[in-house]
Amino acid sequence: EISLGLVGSEMCIRDRVQRKLTKYSEKGKQLDTNNPEISTHRKDKARITVTQSPYSSSRVLRIRIFDKSDCGFDDLVTDRKLKFLVKSLMKIGLTIAIQGELGAGKSTMMSVLMEILDDKEQIVTLEDILEQYNSLKYGNKSIVELQTTEKKNLLDALSTLLRLSADVAALGEVRDGEALFVLVQLAQAIGKTVLFTTHMASPEDYIPRGKNMLIATGKYFTEQAAVFDLVNYTNIIFQLESIDDKRYISKIVEIVPLVEKSSVQKIGIDTPIEELQKLALKLSVGTEEEIGGMNVEQLKLAICLLYTSDA
């Protein structure tokens, strides 16, 4: 990220910033005391954020330039067992939270995970401001990218996503309760994979912070209702960390539903390793119809047992 300290007279600085915004994007709004923050992007897809008084103590123009390197899934996930686990969880069709602190690589990880998805699947992404541009990165996949506008919010984009018959949905970033509410609606409506990113320091923070975010929307009358939706409609957390400029998945955590969806359990800790391998093989190379007919809870258990085995 680049921050520019702007010096000069108040009127001069305002005009310079406004010209820059117009140059970066034809949709650049007027920056003034009534509209003290503007978010837009340059032609090279870098994100521009400008703030001024009285919203901020001084006028700041910040440019976030995204990594354009041709980074792939194998570059970010190098451990053999971890690769198998992540790919398997992606193919089952779960709601997966990609979370971490600022700069942990959440957006990058979401982008490379799309590499795993089948080329036949209809993918729709929702963002406040377009940042990832996966349709350019994966020209062989069917990807529609939506962003909010003055007249279209995330709930409107959700309706559009459903009309587009999306198989896979990706919510760019859950920053507030309204976005989290949209995420719950997505998880209820999409039969396959739902991905989203969020700022959380640890997996343990997801439920309490998410509960507070949902309650703040005024759409939930009890904390129990908010927790119920979080626990039942978010399945997996990929916790990301960045150490010495290296980004990696530090933890994979399952959120156990409050209501058991199936009482049938045909496999367990005593299931022969050969049977687990058959299930895993079927998941990795099986057709969509075969995978769809398999019990999701059995698949998750088989993957976890096989992943933790010595085989």
Side-chain angles (χ1 to χ4, degrees), residues 37 39 89-90 92-102 104 106-107 109-110 113 124-132 145-164 166 168-240 249-261 296-297 300:
E37 178 184 3
S39 293
L89 292 173
M90 285 287 293
I92 290 175
L94 303 172
T95 299
I96 299 175
I98 304 167
Q99 65 178 43
E101 298 180 343
L102 185 65
K106 299 181 294 295
S107 297
M109 180 60 69
M110 176 183 281
L113 287 177
V124 180
T125 66
L126 312 180
E127 296 183 86
D128 284 334
I129 298 178
L130 289 179
E131 294 180 357
Q132 297 190 31
E145 294 165 317
L146 304 176
Q147 69 174 341
T148 59
T149 66
E150 290 185 4
K151 296 183 179 180
K152 291 288 187 179
N153 57 29
L154 283 177
L155 279 174
D156 295 323
L158 170 61
S159 299
T160 302
L161 180 147
L162 297 177
R163 287 194 290 269
L164 291 172
V168 176
L171 186 54
E173 185 172 348
V174 173
R175 293 187 177 93
D176 53 30
E178 294 295 337
L180 189 54
F181 179 74
V182 169
L183 181 276
V184 171
Q185 310 308 305
L186 277 175
Q188 291 173 336
I190 300 296
K192 294 186 179 180
T193 305
V194 176
L195 302 172
F196 69 101
T197 68
T198 185
H199 290 283
M200 300 282 181
S202 71
E204 292 78 16
D205 294 327
Y206 178 71
I207 299 300
R209 183 165 184 260
K211 176 199 68 177
N212 294 337
M213 291 166 66
L214 288 177
I215 290 294
T217 66
K219 295 181 172 66
Y220 290 80
F221 296 105
T222 65
E223 292 186 354
Q224 290 82 354
V227 170
F228 181 90
D229 276 358
L230 288 172
V231 172
N232 285 281
Y233 297 110
T234 308
N235 307 117
I236 298 291
I237 294 175
F238 290 170
Q239 187 69 34
L240 272 58
I249 299 176
S250 60
K251 295 179 182 178
I252 294 182
V253 178
E254 179 184 10
I255 298 178
V256 180
L258 293 174
V259 178
E260 192 65 43
K261 295 182 180 180
V296 172
E297 299 303 320
K300 289 197 294 185

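Along the sequence shown, residues are numbered consecutively beginning with 1. All figures in this text were calculated on a predicted structure; none of them were measured in a lab.
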Problem - Lys106/Glu173 ion pair, N-O < 4.0 Å - result: no
Handout entry: By side chain to side chain contact (heavy atoms under 4.5 Å, CB included) - contacts of Leu164 (at least two apart)
Key = Val124, Val144, Thr160
Problem - With sequence neighbours excluded, residues passing salt bridge (charged side-chain N to carboxylate O under 4.0 Å, His left out) with Asp128 - result: Arg175
Practice task
Any chance you could measure Ser159, atom OG, to Leu154, atom CG, to the nearest 0.5 Å?
Solution key: 11.0 Å
Practice task
Could you tell me whether a side-chain N or O of Asn235 sits under 3.5 Å from a main-chain N or O of Leu94, the two making a donor and an acceptor?
Solution key: no
Handout entry: Candidate pair Leu230 and Leu180, rule side-chain contact (heavy atoms from CB on, under 4.5 Å), full reasoning
Key = CA-CA 9 Å; Leu230 288 172; Leu180 189 54; 3.8 Å; yes
Completion exercise
Heavy atoms of Leu161 and Ala169 approach each other most closely as CD1-CB, 3.8 Å
Problem - Sub-4.5 Å side-chain heavy-atom contact between Tyr206 and Gln99 - result: yes
Practice task
Please name the pair of heavy atoms, one in Lys151 and one in Asp156, separated by the smallest distance, quoted to 0.1 Å.
Solution key: O-OD2, 3.6 Å
Exercise for the section: May I ask you to test the Ile98-Phe196 pair for a side-chain heavy-atom distance under 4.5 Å? Expected result: no
Exercise for the section: State, with a plain yes or no, whether a side-chain heavy atom of Val253 is found less than 4.5 Å away from one of Ile236. Expected result: no
Problem - Crowding at NZ, Lys251 (>12 non-hydrogen neighbours, <6.0 Å) - result: no
Completion exercise
Separation between CD (Glu254) and CD1 (Ile96), nearest 0.5 Å, reads 11.0 Å
Problem - Separation between CD1 of Ile207 and CG of Asn212, rounded to the nearest 0.5 Å - result: 11.5 Å
Handout entry: Atom pair CG/CZ of Leu214 and Arg209 - distance to nearest 0.5 Å
Key = 11.5 Å
Fill in the blank from the handout: residues 221-232 vs salt bridge (charged side-chain N to carboxylate O under 4.0 Å, His left out), sequence neighbours excluded, gives Lys211-Glu223
Exercise for the section: Take Val174 and Met213, measure what side-chain contact (heavy atoms from CB on, under 4.5 Å) needs, and give me the verdict at the end. Expected result: CA-CA 10 Å; Val174 173; Met213 291 166 66; 4.0 Å; yes
Completion exercise
side chain to side chain contact (heavy atoms under 4.5 Å, CB included) filter on Ser250, not counting sequence neighbours, yields Gln239, Glu241, Tyr248
Practice task
Please name all residues satisfying side chain to side chain contact (heavy atoms under 4.5 Å, CB included) with Ala225, sequence neighbours left out, ordered by chain then number.
Solution key: Tyr220, Thr222
Exercise for the section: For Asp205, check side chain to side chain contact (heavy atoms under 4.5 Å, CB included) against everything at least two apart and list the hits. Expected result: Met200, Ala201, Ser202
Fill in the blank from the handout: On a heavy-atom basis, the closest approach of Ala157 and Leu126 is CB-CD2, 3.7 Å
Problem - Residues, nucleotides or ligands: over 12 heavy atoms within 6.0 Å of Glu101 CD - result: no
Practice task
Under the side-chain contact (heavy atoms from CB on, under 4.5 Å) rule, what do Leu186 and Thr95 come out as? Steps first, then yes or no, please.
Solution key: CA-CA 9 Å; Leu186 277 175; Thr95 299; over 6 Å; no
Problem - Distance (rounded to the nearest 0.5 Å) between Ile255 CD1 and Asn232 CG - result: 10.0 Å
Practice task
Keeping the roles fixed (side chain from Thr193, backbone from Met90), state whether a donor-acceptor pair exists under 3.5 Å.
Solution key: yes
Practice task
To the nearest 0.5 angstrom, please state how far the CG atom of Leu158 sits from the CZ atom of Phe181.
Solution key: 9.0 Å
Practice task
Tell me, with the steps shown, if Val168 and Val194 meet side-chain contact (heavy atoms from CB on, under 4.5 Å).
Solution key: CA-CA 6 Å; Val168 176; Val194 176; over 6 Å; no
